[in-house]
Amino acid sequence: MNYRIGKIEGIRTLTKSIKEYEIVLDEPINPEPGQFAMLWIPGVGEIPLSFADAETKRIKFIVARVGKVTGHMHDKLRAGDKVFIRGPLGRGFTRIRGGRALLVAGGYGLAPLYFLSRKLRSMECGVKALLGFKSDDEIFYVKEFEELVETEISVEHGSSGHRGTVLDLFKDVIRVERFNMVYACGREELNLALIRKCLRMGVPVEASFERIMRCGAGICGSCSIEPLGIRVCRDGPVIDGSMIAPMLEAP
Amino acid sequence: MSPDLEVELAGLRLRNPTILASGILGSFYGLMKRVEDAGAGAITTKTVTREPREGYPNPVFVDLGFGYLNAMGLPNPGIREFSVELRRAAREIRIPLIASIGGRNEEEFMDVAGRALDAGCSGIELNLSCPHVSGYGLEIGSDLQLACSIIKAVKSISSKPVFTKISIHQARPDIVSRYLGSGADGVTAINTIRAAAICVESMTPILSNIIGGLSGPCIRPIAVAAIYEIRRELPGVPIIGVGGVDGWRAALELILAGANAVGVGSAIARKDLQIFGEIIEGLRRFLAERGFKSIKELVGYAHRS
């Protein structure tokens, strides 16, 4: 069977709609930052989740309440419960060695970037993270990032950090600082806007995309970014900005 | 001179005998374009129905190691919306596009086929064999009279070749000759086989639909037998062989049994789109080493022994 058995070790409430799940698997798993797993709860459903962290058998997911399975996780899962994990799947981030990396996250898109920042730090990279949130009460994981890397936050409606979107903050930062690589994860519009800007400036960029996934194996076609035929579950979820370029030609 | 891989299939000319099997990736223009670029000889679309279908909730796919189990539930946007993708594909993709059609009755099949033909598909494949969707596929195909009337009806409006995709249960020469008698130009054999898997840890079925279709290397011997028997009894029938094609040897095995062309499906889960190139190169090398000029010489070759 293609599932590993995971036991929920701890659940932490991060905001009113986001929780963190620490899971211990029956076997070690060695995902790259940016890769994902399909998490199956028998009788409920199966969803894709990016690894927010992983160390041998211990993994973390950051889960926003969006649908049936995530709702069940938020409401019903308790420490000690079992879940089933298939993965790691897809293509993760390409890690630079040395140089400076800029991480740009929209909301819970920070999950794979947290895992990435842990790995980048051990490769002697200078890392700066920009985390965007909608409001003050949706802010989370800032301390975790600050312990690892230089971190700035933006809030659209609130009083913390920079006022505005993370895209605004990104534009301000990229105007004065130079980076060898930009890593992004957020809503598709944010990813596309960041890719467009980076390509114009000649800065390499990779973004992690989120789509409804079915097979997770690259054969059903449900998660294709059209008209390019890029399967988010197989060719992604991390996609090099240059692959998206043909979609961005129109303004 | 490099051996010739071109094949002819009920009037369709394929640059090589590999065909993207139905249900795999053939849902959007961009994906189909990538399959063409990967080297495929033809493309079968994902099955399209008259009305949009959501399909089943996850899990829909299980990698069993020795094969694959899936129950997608024929998700598709319906023929009206899909026609847009198909039209663009027909305009920009040069290899033949076979539209896989599903329906619950003759009228639905006619409607969908008519629109797919209008959109410019090169051929039609009638899904009379999907094993896990109530009211569709095998449930329609099991009724021989109904299947024949659907074939007759679609053929009456189609100047393009019409293939009937059959399950192992329909893979009998007597049934296939009834299909041909009703106007089918060829058969696609075989569809996935009705199957299920239960997770021992959770003690529950894995697929949300419980029942799915089994594909992959484990069904190849079943496909080989089906193709072999149809070829033996019906020497002239165009056959698209499908079932466990995971490399050039498997493709060749189906061809030797009698397939004119072979479908490639779930093996993409393991080998990705490079599998088309791998099969093409493998076949070419084999032909050259054994001194054959054309892959056509090997269709049904195993019947000589």
Side-chain angles (χ1 to χ4, degrees), chain A residues 1-7 25-27 36-49 67-70 72 81-87 89-91 211-236 239 243-244 246-247, chain B residues 20-21 23-38 45-46 54-65 68-73 75-76 84-85 88-89 92 197-208 215-216 264-273 275:
Chain A
M1 202 188 59
N2 57 342
Y3 289 102
R4 289 165 211 261
I5 303 160
K7 200 170 118 193
L25 301 173
D26 58 346
E27 277 178 76
F36 69 100
M38 296 297 281
L39 178 140
W40 174 47
I41 302 176
V44 181
E46 187 195 50
I47 54 166
L49 291 170
K68 186 182 172 195
V69 178
T70 55
H72 176 94
D81 286 348
K82 268 188 206 163
V83 292
F84 294 84
I85 304 286
R86 150 163 97 91
L89 301 169
R91 177 184 169 277
R211 283 282 173 106
I212 290 171
M213 289 179 192
R214 312 291 310 272
C215 74
I219 61 169
C220 77
S222 307
C223 61
S224 180
I225 298 176
E226 287 294 309
L228 301 174
I230 295 172
R231 298 158 299 171
V232 173
C233 79
R234 180 81 178 233
D235 306 305
I239 293 163
M243 280 173 71
I244 296 288
M247 259 173 79
Chain B
L20 178 73
I24 310 288
L25 298 180
S27 42
F28 292 107
Y29 158 75
L31 289 170
M32 292 191 263
K33 179 71 189 140
R34 284 189 66 191
V35 171
E36 178 186 41
D37 293 343
T45 70
K46 214 171 169 86
E54 270 281 308
Y56 302 135
N58 285 357
V60 292
F61 176 80
V62 188
D63 184 342
L64 297 163
Y68 308 90
L69 190 57
N70 91 84
M72 299 294 301
N76 77 92
V84 178
E85 296 293 322
R88 179 162 185 198
E92 297 183 31
I198 290 168
C199 170
V200 170
E201 283 300 326
S202 65
M203 301 191 281
T204 58
I206 300 176
L207 296 172
S208 72
S215 63
V264 178
S266 44
I268 291 171
R270 195 140 303 158
K271 293 196 172 167
D272 212 353
L273 297 174
I275 190 173

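All chains are named by letter (A, B, ...) in the order of the sequence lines, taking the proteins before the strands, and each is independently numbered beginning at 1.
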Per-residue contact mode, [X] against chain B (heavy atom under 4.5 angstrom):
{"X": "A:M38", "answer": "side chain"}
{"X": "A:D26", "answer": "neither"}
{"X": "A:I219", "answer": "both"}

* Might you work through the side chain to side chain contact (heavy atoms under 4.5 Å, CB included) test for B:L25 and B:M32, ending with a clear yes or no? => CA-CA 7 Å; B:L25 298 180; B:M32 292 191 263; over 6 Å; no
* Give the ring-plane orientation class for A:W40 versus A:F84, where under 30° counts as parallel, over 60° as perpendicular and anything between as tilted. =>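 The arrangement is tilted - the two ring planes meet at 30° to 60°.
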* Asked: Between B:R34, B:M203, B:R88, which shows the greatest number of heavy-atom pairs under 4.5 Å with chain A?
  ->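 Winner by heavy-atom pair count: B:R34.
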* **Residue selection (most heavy-atom pairs with chain A, distance under 4.5 Å) from B:S266, B:A197, B:S202** =>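 So the answer, after comparing B:S266, B:A197, B:S202, is B:S202.
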For [X], is it the side chain, the backbone, both, or neither that has a heavy atom closer than 4.5 Å to a heavy atom of chain A?
{"X": "B:P57", "answer": "backbone"}
{"X": "B:D272", "answer": "both"}
{"X": "B:R270", "answer": "backbone"}
{"X": "B:S27", "answer": "side chain"}
{"X": "B:P75", "answer": "side chain"}

* Candidates B:V264, B:I268, B:L273 - the one meeting side-chain contact (heavy atoms from CB on, under 4.5 Å) with B:L20 ->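 Considering B:V264, B:I268, B:L273, a side-chain contact (heavy atoms from CB on, under 4.5 Å) with B:L20 is found only for B:I268.
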* Please name the pair of heavy atoms, one in A:S224 and one in B:L31, separated by the smallest distance, quoted to 0.1 Å. =>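 Result for this residue pair: OG-CG, 3.5 Å.
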* **CA sep, side-chain torsions, deciding dist, call: B:E201, A:K82, salt bridge (charged side-chain N to carboxylate O under 4.0 Å, His left out)** => CA-CA 10 Å; B:E201 283 300 326; A:K82 268 188 206 163; 3.7 Å; yes
* **Under 3.5 Å donor-acceptor, A:R234 side chain and B:A269 backbone** =>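 Here the side-chain-to-backbone pair exists.
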* Any side-chain donor near an acceptor of the partner, A:E226 and B:Y29, under 3.5 Å ->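 A:E226 vs B:Y29: no donor-acceptor pair found between side chains.
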